[in-house]
Structures are given as C-alpha cells and as structure tokens.
Amino acid sequence: MSKSFRKSILIILLILIADQALKVWIKTHMYLGQEFHIAGNWFIIHFTENNGMAFGMEIAGVYGKLFLSLFRLGALSMIGYWIYTIIRDNGKPGLLTAVSMIFAGAAGNIIDSTFYGKWFSDSNFQVAEFMPAEGGYSDYLYGRVVDMFYFPII
C-alpha cells in the first residue's frame, strides 16, 4: 500500500467520521431551521435538509429520488477511479488531497440519502429521534441530506 493511498484513505476516513458525527449531533439536538452563530453573521450553523441535488433542485416523479441516489453511487465510483489514477500516475499531492475531500463529502451525502430516512424520525418542528420505534421518515435511498454550514455573503 503506497504512501499516497494511505494518505487518501486517512483524509477520507477523518472527514467522513467528522461529517457523520456532526450530522448525527445536529439531527438529534436541533430541529429543522434552527441555527446558531459561530462567528457573528459570517459563519452560522443552520440546520436544513436537502431532498434533492445542490440548491434544493429535485428530479420529479416517484423514481426521481431513486435515480438521484443511484447516480450519486455512480459518481462516487468515478471519483474513486480518479483517485486511483492520481495515485497510479504519481499526481500532485494537493490534487490527491482535494479529490479525496470531494470523495468524502460525496460519500457522506450518500450515507445520508441512503440510511437517514430509516435511522431517524422527521425533523420538522422537533428534534429527530435516532432509531425510532415506529420507524424512520422514509425508505432506504429516499432520505434527505443534512446541510448545516451557512456562510452569508451579503
């Protein structure tokens, strides 16, 4: 196992663990729309959930969310292959770090959309419960992605 491969795996695991720990804390301690300011009005933790893609865009229809979830898995495979080619070709360490970070973020979003619908109750007007007795708010691959970092520009 090469040094570059170990570096990539370490970056991915550290970011993924931190990402999931923060998302689980937010889901179990905040209700949807709640926020608190970290650095004045510049950096805010604002709990929101994204049902679709970036900026809340969605693919319509019953199978739109399923298609999006499967597309995410394909995209993650391609990013993984990109990491492989960077390592194989002795690519720049900065590029390897950046692509590993992208991989970790994408993997975190896949975990959210795949499992959070089963693992958590709904967050509307309440703090979500982990592993509720009555079941989660949706089926596998139909969960919502937790978003929390808000950096207002204006």
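Please read these numbers as outputs of a predicted model, since none were measured by experiment. Values below: all heavy atoms of this structure, side chains included; hydrogens, waters and symmetry mates excluded.
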- Query: Stepwise, does the side chain to side chain contact (heavy atoms under 4.5 Å, CB included) test hold for K23 with I26?
  - Reply: CA-CA 5 Å; K23 287 176 177 180; I26 284 175; 5.7 Å; no

- Take F47 and V146, measure what side chain to side chain contact (heavy atoms under 4.5 Å, CB included) needs, and give me the verdict at the end. CA-CA 7 Å; F47 177 27; V146 174; 3.9 Å; yes

- Item | Distance-only side-chain donor-acceptor flag, K7 / T97, under 3.5 Å | yes

- Item | Pairs touching residues 1-27 that satisfy ring-ring contact (aromatic ring centres under 6.0 Å, His included), sequence neighbours left out | W25-H29

- Task: Would you give the length of the straight line joining atom NE2 of H46 to atom CG of D147, rounded to the nearest 0.5 angstrom?
- Result: 9.5 Å

- Query: Does M101 belong to the same Ile/Leu/Val/Met/Phe/Trp/Tyr cluster as V99, with side-chain heavy atoms less than 4.5 Å apart forming each link?
  - Reply: no

- d(N109 CG, L68 CG) to nearest 0.5 Å is 10.0 Å

- Message: I need the L66 CG to L141 CG distance, nearest 0.5 Å.
- Response: 6.0 Å

- Task: Grab the two heavy atoms, one from G108 and one from Q20, that are nearest each other, plus how far apart they are.
- Result: O-NE2, 3.3 Å

- How about S2 and I87: do any of their side-chain heavy atoms sit closer than 4.5 Å? yes

- Query: Taking atom OH of Y81 as the centre, does the number of heavy atoms from other residues, nucleotides or ligands within less than 6.0 Å exceed 12?
  - Reply: no

- Task: Give a yes or no on whether I111 and L73 share a hydrophobic cluster (residues Ile, Leu, Val, Met, Phe, Trp, Tyr; joining criterion: side-chain heavy atoms under 4.5 Å apart).
- Result: no

- Query: Going from CD1 on I44 to CZ on F149, what distance comes out if it is rounded to the nearest 0.5 angstrom?
  - Reply: 13.0 Å

- Item | Geometric cation-pi criterion, K65 with Y142: 6.0 Å, 45° | no

- Query: If Ile, Leu, Val, Met, Phe, Trp and Tyr residues are connected whenever their side-chain heavy atoms lie under 4.5 Å apart, and connections chain through other members, are L70 and I110 in the same group?
  - Reply: yes

- Any chance you could lay out the side chain to side chain contact (heavy atoms under 4.5 Å, CB included) test for I45 and M30, step after step, and finish with the verdict? CA-CA 10 Å; I45 298 292; M30 296 174 70; 4.2 Å; yes

- Item | Hphob cluster co-occupancy, F130 + Y137, side-chain heavy atoms under 4.5 angstrom | yes

- Query: Does a side chain donor of either S138 or K118 reach within less than 3.5 Å of an acceptor in the other side chain?
  - Reply: no

- Establish, yes or no, whether a centroid distance under 6.0 Å links the rings of F67 and Y63. no

- Shortest non-hydrogen contact from A104 to L16? O-CD1, 3.6 Å

- Item | Which atom of L76 lies closest to which atom of A107, heavy atoms considered | CD1-N, 3.8 Å

- Taking all atoms of both residues into account, what is the closest heavy-atom pair of A128 and S123, and its distance? CB-OG, 3.5 Å

- How about F43: does its CZ atom have over 12 heavy atoms from other parts shown lying under 6.0 Å from it? yes

- Partners of N41 by side chain to side chain donor-acceptor pair (under 3.5 Å), sequence neighbours excluded? H37

- Message: Restricting to salt bridge (charged side-chain N to carboxylate O under 4.0 Å, His left out), what partner residues turn up for R144, sequence neighbours left out?
- Response: E49, D122

- Task: Report the C-alpha separation of F120 and V24 in whole Å, then their side-chain angles, then the decisive distance to 0.1 Å, and conclude whether the side chain to side chain contact (heavy atoms under 4.5 Å, CB included) test is met.
- Result: CA-CA 9 Å; F120 292 99; V24 168; 4.0 Å; yes

- Relative to each other, are the rings of W42 and F151 parallel, tilted or perpendicular (30° and 60° limits)? perpendicular

- Quick one: OH on Y31 to CZ on F125, what's the gap to the nearest 0.5 Å? 10.5 Å

- Looking only at heavy atoms, which two atoms of V145 and S113 are closest? And how far apart? CG2-CB, 4.3 Å

- Message: Can you tell me how the ring of W119 sits relative to the ring of Y116, calling it parallel under 30°, perpendicular over 60° and tilted otherwise?
- Response: tilted

- Separation between CD1 of I12 and CD1 of I83, rounded to the nearest 0.5 Å: 4.0 Å

- Shortest non-hydrogen pair, S4 vs L96, comes out as O-CD2, 3.5 Å

- Should we count CE of M148 as having more than 12 external heavy atoms under 6.0 Å? yes

- Message: Same cluster or not: L13 versus I86, using hydrophobic residues (I, L, V, M, F, W, Y) connected whenever any side-chain heavy atoms lie under 4.5 Å apart?
- Response: yes

